[in-house]
Amino acid sequence: MVKSTPRALKLENLNILIDAVSQKYRTYGPVAKDGENAWEEVKADGELSLGCAATMLPAKHILQPVRLDLYSFKSSGGFQIEEPGFDEKIALFGVSPCDVNAILALDRVFGGRFVDPYYWQRRENALIVASNCTESAEESFCTSWDTGPELYSDYDLLITELADGYLLEVGSQRGKVVVNGLNLPGATQEDLKEKASRLDAARAATKKRLPVPPDDLHQLFEERYDHPIWVPNAEVCFSCGNCTFSCPTCFCFDIRDEVKPSRKEGVRNLEWDSCQLLEFAEVAHHANFRRLRIDRFKHRTIHKLSWMKQQYGLTGCVGCGRCVRWCPSWPVRRGRITSLADPVEIIADMLEPPEKVEGVERPGGVIV
Amino acid sequence: MKEKRRITSGKPLEKQIKVDYLARTEGEAGVYALVSDSEVKELKFNIWEPARFFEGFLVGRMYYEVHDLVSRICGICPISHMTTALRALEKATGVMISEQTRIVRHILAQSQIASSHIIHLYMLAAPDYMGYDSIIPVISEHPDIFKRYYRMKTAVNKLSTLIGGRALHTMSVLFGKFTRVPSRKSFLEVADDLKAIKDDALETVRFVSRLPIPEFYSENIYVSLKGKDFYPINEGRLASTSGLDVSEDEYRAHFTEQQLPYTNSKYSALNGKDSFMVGALARINQNFDLLSDDAKAIAAEVGFSVPNHNPYLNNLAQAIEIVNGIDDCINLIDAFYPQKEEPAFSIREGEGGAITEAPRGLLYHSYRVSKDGVIEKADIVTPTAHNASNVEKDLNLLLPTISHLGVEEITMRCEELIRAYDPCFSCSVH
Amino acid sequence: MENPYIVEPAAITSIRQETDETKTYTLKFVERERTLQFTPGQFNMISLLGVGEGAFSITSSPLQKDDFEHTIRLVGNLTRAIDRLAQGDIVGVRGPYGTGWPIDSAKGKDIFIIAGGVGLAPLRGLINLIIERRNDFGVVEIMYGSRKPDELVFTSEYDKWRAAPNISLFLTVDEVPEGFEWTHGRGVVTNLLGLSKIDPANALAFVCGPEIMMRFVARSLTIRGLAEENIFVSLERRMECGMAKCGRCMLGRAYICTDGPVFSYPEVRSLPQNLLAASF
Amino acid sequence: MTANSNSNQKVKAAVFKFTCCAGCQFALLHFFDQQVETLELLDFVYFKMARRKELDEPYELAFIEGGVSAPEHIEQLKAIRKQAKTLVAFGACAAHGGVPAIKDWQTEIDVEERAYPDPLLVSSMKVSPVDEFVKVDHYLRGCPIDEVEFMEMIRSIAADKRPYVREHPVCLECKLKNNICILLMREGVQESMCLGPVTRGGCRVVCTSNMRACFGCRGPMSNPNIAEMVRTFKGKGFSGKDIEMRFTEYAGLSAEFREGARAYYERKAPYYKRKAA
Ligand SMILES: Cc1cc2nc3c(=O)[nH]c(=O)nc-3n(C[C@H](O)[C@H](O)[C@H](O)COP(=O)(O)OP(=O)(O)OC[C@H]3O[C@@H](n4cnc5c(N)ncnc54)[C@H](O)[C@@H]3O)c2cc1C
Ligand code: SF4
Ligand code: SF4
Ligand code: SF4
């Protein structure tokens, strides 16, 4: 008879768990790359680099690869289509709470009336080993959304770093199967207390906060859609798309066909795309519904902070701070150098009384 | 080419050789000759490649971008221009590079020489002797030869790509350093690839030696770097078979250039008068002893010995150099343990020149740099500019010996001779 | 898992040239007996594998069960390749997508159908449906404008439309080339509203055309007394998926592909970044 | 049903060289090994670097390599345009003038005299991109051209559809490759003065993947924010000279990069204008 596993276990070191997971799953995790963290496949001797420091690309790129073959086709009179299958078991090891919350948002995007099989085949096969953040990165503001530093649900396994090892919590049957064979001791009351106090400390260390309650954002953007501060902000935007590519909840993509030299076969593939790029909304005859930089800049900001919530019930920002970090433009606002894409700074901008922003003219409408 | 036979009473038969645009070379040049019986009446080797004035516009640029810009002198040997410019600039500004950077630059240069030679032999030179106008028919008619070519080029390109980021116009090369040096593991992987094509390289020597290469004797002065302990690529003494043996800094004391009205390339001369040959044949003629054992052995096997005075056999010399280059790279990689280094340097004003061996021969760059790092003077002499006058000399010698042949055949022979020099007209008119 | 990105082969059973640049294609699924269930105003994604995919309104009437029609104008890469196709060629189809015209709320009411250019395409199915179910609806006035007379689409059906009881068709063009005989209106389509006999109090308007035109039409209609919520417009944006995944057609919080393309005028006015929006 | 699937004819192509290093043609030779299948869609009726054959056949597709720098080039170019159905600007020099166009930034005669004792013997004028004289159908940018983009173009032209040429910035591909941002994370002109945010991508970020700052060889993207690029460079501490040099290396003739090169001297980058609090 198998003894049932208690929810909270004590783990001496991570390797025990990584070994157990990687035996059953192709395992991905944040590893050090060129001085930053990046989600890559974790090799047996690889070193995970956990903690709050957000990875370059979010874990999303494991669930929806940056480039992906939708299907291949052959034509001979009519056509035959061949779909690539995906049945590999994958594990996301060390997902931070904000990223888990971002995945929940993506679940809604790729679910709904039309279910996107490419995302879901991976998602359903994915074991989520989440990791609470016991430290706080300068850029993140997850506490404002309550998307971190602590994760409460929606994980298979959850680890929290303690002074002498890790607390391992089991959140699903699938997670339980992984740890069952490991013979781990149960966690003590002290361990649980230590977790709570560590996460409280991390919460307290997260200094960056939204200047308004999240629920007010919808109204703020609605009322101040034409706030003059958008103009100087958009003026320094490169429209480079770094903010959207690094965002864990951005999902937009492009579909393109490629033909093989025979011209009778080819593949239709998908690649990430960004609303910040000029060509994103271009239609025939080079008409463009978002030709102006300011329209694109507004679209991304408001989509993340307000519209996505209206569309999916979950906000499009989880406060991970990636866009803050990777935006190459650093304007001076309120006397400090800040990141242009920083949602917190943009909201603070919006709160400035419109009359106080001078010398800027609002360019008229959409040019079509 | 057009054939014109003018038969006028009393006059001997004149043959006009005219190639407007030489094929399968890099850049644009033509040749015009008028031969009657065994006399060359007129000869013009006309390099009409449009001038780009590198020496002119480099003035005013910053020291750290010169190597990148000059690499665009030539699409085939960008690495040679890069390395030479860097050595000259580093000398001028008093910057010392690490031993590691030196070694990696050497391996990179060797990989480029091998790649260039492979392309020249198989794609540019061999079709002549195999009776094709390009390599395209070779793909289907001699798949074994094409595959051998393909394997070799893939392997050496892999080495250039590993170090440089891509095979052409590498980008990891910086003033004073590399952006990053690959790990020993990845170097060893490529070394395995190089070992795997060693037989192909030896076979290439045999293949070239079996091509119907004409017998032709033309005693030249050969100029190249001369090595002491190893086959010279990026450094060595400046030497000639006519007795020159000086340091590279004395280049300008012995070599001069002259502009001619019918060609955009300047013509180089040794001691103000002599034409001379540079390139693989010149290097081997002066450094045969420094070749790897296998290179020497295969040379002996195909009956190649030095000094060799058949310029057509520059092709064979290149094939032998491929073997040598592969051996050189394998040995260097074997003993190479990359370290992470973050070299810091400051620059001073000054002037400096450097010479390296590009695939096609001796390459000279020299610069003067101001204290702010701005280029004040640039001087570049390329292998094909060095060779240009010798090509004319050889054509003058060759034409009388083949003047009895048909115009088509004479033209072919002349083209083969020029191609044997592996000229790069883009380089020559930089 | 069912894959909604996969297209089904459909054969072109006939092609009708509408204008120099526009053709109407009749399509029929090849692999299985399937009728396309749709409401006029909805669209399909049409693929030419190897070239691309695009959104095209279904222009036939939903009562036409055996096959369906698309009217496609040559504007670029995909449409150029489609333009070269011949009868018997196969295209890929998925759909239908989007919302259609709110036909049920139009029952018993008078209807304005106002279109510009190829914007008549999503309305043609509706017109033919109305004719087939003539008794369900009140008076219908079709107001259609294009740049030039030879750019009008569906001209072969005008007689049929005019012949139907209580339907009038008003035409207008921006310019008439010299030597061309033209007895209808000139100028913008809003001019035609002066000819209307419909009582706006009991009417609905279905509008499709360039955004700038729809803006003026909507404004004129409200001035004539049509309630804003009785005006419906169809919008166009670039689309890659048609299923609210690719994000391209997003307009504020709305997806044109699933929340639209047919919207009521007040809805559109609340969305930013379009010419009908309140603040522009 | 794929595009044009019933046509199996090869496209007759010709390669012409003007003022450049011939590196793009040479890159094409390189592709011959790996991409035989795609290159077989073309029949090179004129390709001097690869084939000993005169131009004696009509062609549909012309690759123009190099910029225009001599009066005789213009006539040749116009003749080529007349014949070719599709004309492709092949490489940075054809698209933007490339490195040789650095010459245009200085007094012409000074430059020429530094290189030749008698410049009058050399036929030359200012360097211009090909589209200054003829209409260009497609651009293959880059110094040198990118293999993947080239192959996609050949296949598309052979299938008679529009080739996919990326218009987005280099940054995008860096992110998709999970590269760190060297503009933000590194120091030094050579490694970190990155034009990525304003340069057109499609190069598969060979430079930044090798820790080298993008030097803009593919020219400006579709709507580059040059003023902000200049401001960012200044913010990172690069000098006006550095900025001018960076913008003029490979595509200095493009209107946008020209603006960047001049911005330092001609205006201060705009920023917030606010009332005093
Ligand atoms: C709901 C809806 C209904 C529609 N109904 C109809 C209809 O009934 N009839 C009709 O004629 N049209 C209709 N359209 C418009 C139709 O979808 C477009 O005209 C068509 O998709 C244009 O495709 P194209 O490739 O020929 O045009 P293109 O001009 O080639 O492409 C359109 C745009 O997409 C971009 N693009 C496409 N491919 C590429 C590429 N390879 N590389 C870079 N950019 C690319 C371009 O930026 C271009 O501006 C409808 C559109 C919508 C949204
Ligand atoms: S908007 Fe910025 S902070 Fe918010 S989730 Fe996206 S990348 Fe993170
Ligand atoms: S911010 Fe832009 S790219 Fe990101 S999900 Fe929203 S629309 Fe798409
Ligand atoms: S906000 Fe920043 S990261 Fe986003 S597009 Fe603008 S410049 Fe790029």
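Order of the sequence lines sets the chain letters (A, B, ...), proteins ahead of strands, with each chain counted from 1.
The pair C/Glu53-A/Arg268 counts as a salt bridge, with a side-chain nitrogen and a carboxylate oxygen less than 4.0 angstrom apart.
With a 4.5 angstrom heavy-atom cutoff, C/Val7 touches chain A via backbone and side-chain atoms both. Using a 4.5 Å cut-off between heavy atoms, A/Tyr312 contacts chain C through its side chain alone, with no backbone atom that close. With a 4.5 angstrom heavy-atom cutoff, A/His299 touches chain C via backbone and side-chain atoms both.
Looking only at distances, no side-chain donor or acceptor of C/Lys245 sits under 3.5 Å from a matching main-chain atom of A/Cys252. A/Asp257 places no side-chain N or O within donor-acceptor distance of the main-chain N or O of C/Leu49, the cut-off being under 3.5 Å. Checked by atom type and distance alone, the side chain of A/Lys298 never pairs as donor or acceptor with a backbone atom of C/Gln273 at under 3.5 Å.
Among the candidates A/Tyr118, A/Trp120, A/Trp272, A/Phe110, the residue making the largest number of heavy-atom pairs closer than 4.5 Å to chain C is A/Tyr118. If you tally non-hydrogen atom pairs under 4.5 Å between each of A/Glu282, A/Glu83, A/Arg256, A/Gln311 and chain C, the highest count goes to A/Gln311. The residue among A/Tyr119, A/Phe280, A/Tyr71, A/Phe251 with the most heavy atom pairs within less than 4.5 Å of chain C is A/Phe280. When each of C/Pro4, C/Gly242, C/Cys246 is checked for heavy-atom pairs under 4.5 Å with chain A, C/Cys246 comes out on top. Contact count against chain A (heavy-atom pairs under 4.5 Å) is highest for C/Met243 among C/Glu31, C/Met239, C/Met243. No other option in A/Asp116, A/Ile302, A/Val283, A/Val109 has as many heavy-atom pairs under 4.5 Å with chain C as A/Asp116.
Side-chain atoms of A/Val115 and C/Glu2, non-hydrogen and from C-beta on, never get closer than 4.5 Å to each other. With a 4.5 Å cut-off on side-chain heavy atoms, C/Tyr5 and A/Pro117 count as touching.
Both tests hold for C/Arg237 against A/Phe289: distance to the six-membered ring centre under 6.0 Å, angle to the ring axis within 45°.
Atoms CG and CH2, from C/Leu271 and A/Trp307 in turn, are 8.5 Å apart once rounded to the nearest 0.5 Å. Rounded to the nearest 0.5 angstrom, C/Asn274 CG and A/Arg290 CZ are separated by 11.0 Å. For the atom pair CG (A/Asp254) and CZ (C/Arg248), the distance works out to 4.0 Å, reported to the nearest 0.5 Å.
Scanning residues 249-256 of chain C against chain A with a 4.5 Å non-hydrogen threshold yields C/Met250, C/Gly252, C/Arg253, C/Ala254, C/Tyr255, sorted by number. Contacts between residues 12-25 of chain C and chain A, counted as heavy-atom pairs separated by less than 4.5 Å, involve no residue at all.
The neighbour count for A/Glu82 CD, taken as heavy atoms of other residues, nucleotides or ligands under 6.0 Å away, does not exceed 12.
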